[in-house]
Amino acid sequence: MKRFLSGITPSGDGSLHIGNYLGAVRQFIELAKSNETFLMVADLHGLTTIQDKKQLQNNIEILILNELALLRGFLSKDEFEKIVFFRQSDVPMHTECQSILNNVTPLGLLKRAHAYKDKLAGNAMEEDINVGLFSYPMLMAADILLYQADLVPVGKDQKQHIEITRDIAERFNKIFKKQVFTLPEPYIPEEVAVVLGTDGKRKMSKTLGNVIAMFDSEEAIKKQVMGTYTDPTRKHATDPGHIEGNMVFTYLDFFGPTSPRLRGASELSALKERYKAGKIADVEVKEYLFQTLMNYFAPARKAYEELKANPNVVTDILKKGQERALIVAGQTMKEVREAIGLVTKYSFQR
Ligand code: AMP
Ligand code: TRP
């Protein structure tokens, strides 16, 4: 049994979309079945972009409900209860550890980090970039190293952060001559590395407005599905259609084979054949996709409503998560303090 840890930042409006699900949460769910699981709401990371009290609180709440609903909806009660689900800001060791790691991290390592580099390349002046964004990978390293995680499931865009984390852990262990930190491995299944948005062109992302958000209202989801990019060369339902690059089929490939409505992969390949032969209209395959998604996410949508109606359940989960996280993070910080010499034994105290 391995230990894995991951986190999601409450960015955008806090809600999750099918890209987050396929690129991140689905892996959490699979891994949680047979591993020790730490899942964190990276609310301190949210501060790099959100500096409005109301928005931050709102985003954190939405993210908590979205993520818990997926976990509760797709895991058994036993599996769900084993997860340590917590808020980063509920465990003060994250910032303490970050502050110590600062001292073993070369400036150049952070200057090469994508988030910072991309911002500079996008015409932002150094004056406009806060140090929180610059040291984002340090906080993330602290998040991971505090829990001695073996595996970190994330989207491809986060791979560099795991590499930086390994680098920092190695340096720390070497400088202080003690194997305090476990070196984590990224866990990024190739087939779902990046999910494209409903525009069929760019990465699915809330800020680009090209998402399908599984906890939106049915009408909103229908609208997102109906606006999905299909095959621009196809003018009439009787024209032969193309599957490649057609986002409706891309999403059906992810969700269709397990859907009861499509009764497995054979139904999906029959649907593709009819589409290629010009025997089914775009609107019909979109309706299939809509139904497939509603079916697929039904248990999670139900859990979402239950959690929302029972705020005490949510606060209990967070409290229990905090307690369990504090124990592990506290133990690591004890080892860190010992390794670096921040101990409360004094030579004058004989
Ligand atoms: P974000 O909201 O961008 O912080 O994303 C939360 C998690 O979802 C991270 O692990 C991302 O790598 C992952 N993720 C976000 N957007 C996508 C996408 N379009 N495809 C795959 N994974 C994604
Ligand atoms: N930076 C990650 C993201 O944007 C979120 C995150 C914060 C995280 N801390 C983490 C992911 C620790 C994995 C492990 O998606």
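Just follow the structure's listing: the first ligand is 1, and inside any ligand the first atom is 1. What you see is a predicted model, and the numbers here were worked out from it, not measured in a lab.
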Ligand 1 to N20 polar contact by distance, N or O atoms, under 3.5 Å: yes
Among all the protein's non-hydrogen atoms, which is closest to atom 1 (N) of ligand 2, and how far away is it? Y136 OH, 2.8 Å
Which atoms from ligand 2 have a heavy atom of T9 less than 4.0 Å away? 3 (C), 4 (O), 5 (C)
Before signing off on this row, confirm whether M204 and ligand 1 have an N or O atom pair separated by under 3.5 Å. yes
Specify the protein heavy atom at minimum distance from atom 9 (N) of ligand 2: its residue, its atom name, and the distance to 0.1 Å. D143 OD2, 2.7 Å
Do any nitrogen or oxygen atoms of G19 come within less than 3.5 Å of a nitrogen or oxygen of ligand 1? yes
Can you tell me which residue and heavy atom of the protein come closest to atom 5 (C) of ligand 2, and the distance to 0.1 Å? G7 O, 3.3 Å
Top protein contact for atom 7 (C) of ligand 2, by heavy-atom distance: H45 ND1, 3.3 Å
Between M1 and N35 the two heavy atoms that sit nearest each other are CG-CA, 3.6 Å
Is K319 atom NZ crowded by more than 12 heavy atoms from other residues, nucleotides or ligands, each under 6.0 Å away? no
Hey, is S11 one of the residues with a heavy atom under 4.0 angstrom from ligand 1? yes
Once you restrict to heavy atoms under 4.0 Å, what part of Q88 touches ligand 2? Side chain, backbone, both or neither. neither
Ion pair present between E273 and K276, side-chain N to carboxylate O less than 4.0 angstrom? yes
